[in-house]
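Only a predicted model underlies this, so the values are computations on that prediction, with no experimental measurement involved. Throughout, residue positions are numbered sequentially from 1 according to the sequence presented.
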Amino acid sequence: MPQFVTIGDNFISAPGSIILAHDASLFLFSKEYRCEETIIGNNVFLGANAVVLPGVTIGDGAIIGAGSVVTKNVSPDSVYAGNPAKFICTVEQYREKCYVKDVLYKAPESFNS
């Protein structure tokens, strides 16, 4: 139900990622299903094959690792990963780790258009 999903500005969703706002697991038993608003903040990156479950809010500036299952709210400016997704570090700490490993490269200008 797309009306239950809110996505902020500058959102990047890698291939295979899923954002859910509904859960039909009880439908066979009760003919009912659950709907909850799912909110993705501004400047959020959702890794490949990550799943965001209904009712979750992902704060501004967060990074969700590939293959993660997000079952609870995510703090702004933080990195979460795993199944279930857990806090790993802040985005700045992650950037610093990448800098120390010398694995950061400037994106081509064409990425900015």
**Prompt:** Are F45 and V74 in one and the same hydrophobic cluster, where Ile, Leu, Val, Met, Phe, Trp and Tyr link if side-chain heavy atoms are under 4.5 Å apart?
**Reply:**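 Different hydrophobic clusters.
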**Message:** Under 4.5 Å between side-chain heavy atoms, counting indirect links through other Ile/Leu/Val/Met/Phe/Trp/Tyr residues: same cluster for I39 and F11 or not?
**Reply:** no
Considering all heavy atoms, the nearest [X]-[Y] contact:
| X | Y | result |
| --- | --- | --- |
| A50 | I64 | CB-CG2, 4.1 Å |
| P84 | T71 | CB-OG1, 3.8 Å |
| A14 | A48 | CB-N, 3.3 Å |

Taking the side chain as C-beta and beyond, is there a heavy-atom pair between [X] and [Y] under 4.5 Å?
| X | Y | result |
| --- | --- | --- |
| T57 | N73 | yes |
| L53 | K72 | no |
| I18 | V52 | no |
| I40 | I19 | yes |

Can you tell me how far the [atom1] atom of [X] sits from the [atom2] atom of [Y], to the nearest 0.5 Å?
| X | Y | atom1 | atom2 | answer |
| --- | --- | --- | --- | --- |
| Y99 | L104 | OH | CG | 9.0 Å |
| C98 | Q93 | SG | CD | 12.0 Å |
| I63 | I12 | CD1 | CD1 | 9.5 Å |
| E92 | S78 | CD | OG | 13.5 Å |
| E36 | R34 | CD | CZ | 4.5 Å |
| Y80 | C89 | OH | SG | 11.0 Å |

Looking at [X] and [Y], would you say the former's side chain and the latter's main chain have a donor-acceptor pair under 3.5 Å?
| X | Y | value |
| --- | --- | --- |
| N42 | D9 | yes |
| S17 | S13 | no |
| S68 | G82 | yes |
| D60 | P76 | no |

**Message:** Regarding N10 and N43, do their side chains bring together a donor and an acceptor under 3.5 Å, going by distance alone?
**Reply:**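 There is such a pair between these side chains.
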**Prompt:** Which of parallel (below 30°), tilted (30 to 60°) and perpendicular (above 60°) describes F27 and Y33?
**Reply:**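 Tilted.
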**Request:** Only one of V70, V51, V56, V5 passes side chain to side chain contact (heavy atoms under 4.5 Å, CB included) with L20; say which it is.
**Result:**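 Running side chain to side chain contact (heavy atoms under 4.5 Å, CB included) over V70, V51, V56, V5 with L20 returns exactly one hit, V51.
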